Amino acid sequence: MVTVLDRENTILNRFIAQMRDVTVQGDSMRFRRNLERAGEIMAYEISKTLEYQPRSIETPLGEAEIMMPDEEIVVATILRAGLPFHQGFLNYFDNAQNAFVSAYRKYSKDNSFNIKVEYISTCELTGKTLIIADPMLATGSSLVMTYNALVEKAGMPKFTHVATVIGSEEGVEYAKKHLSANNCKIWCGSLDAEMTVKSYIVPGMGDAGDLAYGEKL
């Protein structure tokens, strides 16, 4: 159900360290590139779990039989922080279809918030493999609402992979509770134990959208 990649030695740790590091975060281009590289590594790990079929490939000197992925992939992301992460997946799943969701937190004066989903662009999902790429999995509310909105609009995927660079233990538990364990797997680069009163992950890395694209109003 849940795989945490930094529990084993992996080059991904270097990219996560740079994304967390306040002395490096000021370089927005590097931050975006590290999100993209994290997406590439996770795409590679997820690719090992897909269904494959043998294909005969004609070479200049003969034929080679190669095991090739045999699933329709849809890569979905939550705007805006997810865009570089999403690109990393597309670098490997280059023939994948795509989905985009605009979801954000609307805060009240007491720091409580509701999740608002305002825009969905997606292909048909029924029977396909869905990858939801979201750099941060904090409370899990945005993820679950995004998943439900996609399913309501475009149908039930055959299987769903949730990919996040940094997740919170609370958010992962929330996602496990509200997503089907039989057709969903969660991939985390790293898993943190705490969150602030405003539901930011600690130690986390801050606001991924702001670090990638600049501060918002």
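Keep in mind that what you see is a predicted model, and the values were worked out from it rather than measured.
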Given Glu63 and Ser56, is the side chain to side chain donor-acceptor pair (under 3.5 Å) satisfied, shown in steps? CA-CA 6 Å; Glu63 290 188 351; Ser56 181; 3.1 Å; yes
Does Met29 form a side-chain contact (heavy atoms from CB on, under 4.5 Å) with Arg33? I'd like the steps, not just the answer. CA-CA 6 Å; Met29 185 170 68; Arg33 180 62 182 122; 5.6 Å; no
I would like to know whether Tyr200 and Asp207 meet side-chain contact (heavy atoms from CB on, under 4.5 Å); could you show each step before the answer? CA-CA 8 Å; Tyr200 284 96; Asp207 189 302; 4.1 Å; yes
Take Leu130 and Lys158 through the test side-chain contact (heavy atoms from CB on, under 4.5 Å) and record every step on the way to the result. CA-CA 8 Å; Leu130 174 65; Lys158 178 178 69 173; over 6 Å; no
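Note on Leu5: it clusters hydrophobically with Ile16, by side-chain heavy-atom contacts below 4.5 Å among ILVMFWY residues. Cluster annotation: Ile11 and Phe85 are assigned to the same hydrophobic cluster (Ile/Leu/Val/Met/Phe/Trp/Tyr, side-chain heavy-atom contacts under 4.5 Å, transitive). Residues Met205 and Val24 do not share a hydrophobic cluster, clusters being chains of Ile/Leu/Val/Met/Phe/Trp/Tyr side chains in contact below 4.5 Å. Residues Tyr44 and Ile46 do not share a hydrophobic cluster, defined by chaining ILVMFWY side chains whose heavy atoms lie under 4.5 Å apart. By the rule that hydrophobic residues join a cluster once side-chain heavy atoms approach within less than 4.5 Å of another member, Tyr52 and Ile131 end up as members of one cluster.
Closest approach of Val4 and Leu191 over heavy atoms only: CG1-N, 4.1 Å. Across all their heavy atoms, Ile120 and Ala149 have their closest contact at CD1-CB, 3.5 Å. Ala81 and Leu35 make their closest contact through O-CD1, 3.9 Å (heavy atoms, listed as atom of the first residue, atom of the second, distance). Residues Val144 and Ala175 approach most closely at CG2-CA, 4.4 Å, considering heavy atoms. The heavy-atom pair separating Ala38 from Val165 by the smallest distance is CB-CG2, 4.1 Å. Here the closest heavy-atom approach between residue Leu150 and residue Ala76 is recorded as CD1-CB, 4.1 Å.
Counting only distance, with no hydrogens or angles, the side chain of Thr77 and the backbone of Gly82 share a donor-acceptor pair below 3.5 Å. For the pair Glu124 (side chain) and Thr126 (backbone), a donor-acceptor distance under 3.5 Å is present. The closest donor-acceptor contact from the side chain of Asp134 to the backbone of Thr164 lies at 3.5 Å or more, if one exists at all. Checked by atom type and distance alone, the side chain of Ser28 pairs as donor or acceptor with a backbone atom of Leu211 at under 3.5 Å. Between the side chain of Thr10 and the main chain of Asp6, no donor-acceptor pair closer than 3.5 Å is present.
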Do any side-chain atoms of residues 91-98 form donor-acceptor pairs under 3.5 angstrom with protein atoms, and if so which ones, sequence neighbours left out?
unit_1	atom_1	unit_2	atom_2	d
Asn91	OD1	Gln87	NE2	2.9
Asn91	ND2	Glu36	OE2	2.8
Asn91	ND2	Glu40	OE2	2.7
Gln97	OE1	Lys128	NZ	2.8
Asn98	OD1	His86	NE2	3.0
Asn98	ND2	Ala96	O	3.4

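Here Asp192 pairs with Arg20 in a salt bridge; the nearest charged N to carboxylate O distance falls below 4.0 Å. In this structure, Arg30 does not pair ionically with Asp21, as no charged nitrogen and carboxylate oxygen lie closer than 4.0 Å.
More than 12 heavy atoms of other residues, nucleotides or ligands lie within 6.0 Å of NZ in Lys216, so this atom counts as buried by the packing criterion. In the displayed structure, Arg55 atom CZ is contacted under 6.0 Å by more than 12 heavy atoms of other residues, nucleotides or ligands.
To the nearest 0.5 Å, atoms CG (Leu79) and OG1 (Thr146) are separated by 9.5 Å. We find the OG1-CD distance between Thr49 and Glu71 to be 7.0 Å, quoted to the nearest 0.5 Å. We find the CD1-SG distance between Ile166 and Cys188 to be 10.0 Å, quoted to the nearest 0.5 Å. Expressed to the nearest 0.5 Å, how far CE of Met136 lies from CE of Met19 amounts to 9.5 Å. With values rounded to the nearest 0.5 angstrom, Tyr174 atom OH is found 9.5 Å from Ser142 atom OG. Between atom CZ of residue Arg37 and atom CG of residue Leu12 there is a gap of 10.0 Å, rounded to the nearest 0.5 Å.
The shortest distance between side-chain heavy atoms of Met42 and Phe89 falls below 4.5 Å. A heavy-atom distance below 4.5 Å is not found between the side chains of Val2 and Trp187. Contact annotation: the side chain of Thr129 approaches that of His161 to within less than 4.5 Å [non-hydrogen atoms, C-beta and beyond]. Using a 4.5 Å heavy-atom threshold, the side chains of Cys184 and Val162 count as touching. Within the 4.5 Å cutoff, the side chain of Phe15 has heavy atoms near those of the Ile41 side chain. You'll find the side chain of Glu170 reaches within 4.5 Å of the side chain of Met195, heavy atoms only. In this structure, the side chains of Val101 and Tyr119 stay at 4.5 Å or more apart for every pair of heavy atoms. Here the side chains of Leu125 and Lys153 are not in contact, with every heavy-atom distance at 4.5 Å or above.
With sequence neighbours excluded, no residue satisfies side chain to side chain donor-acceptor pair (under 3.5 Å) with Gln25. With sequence neighbours left out, the side chain to side chain donor-acceptor pair (under 3.5 Å) criterion links Thr3 to Lys185.
Side-chain contact, Glu118 with Ser102: no donor N or O sits under 3.5 Å from an acceptor N or O.
Among Thr160, Ile132, Leu143, the single residue meeting the side chain to side chain contact (heavy atoms under 4.5 Å, CB included) criterion with Leu179 is Leu143.
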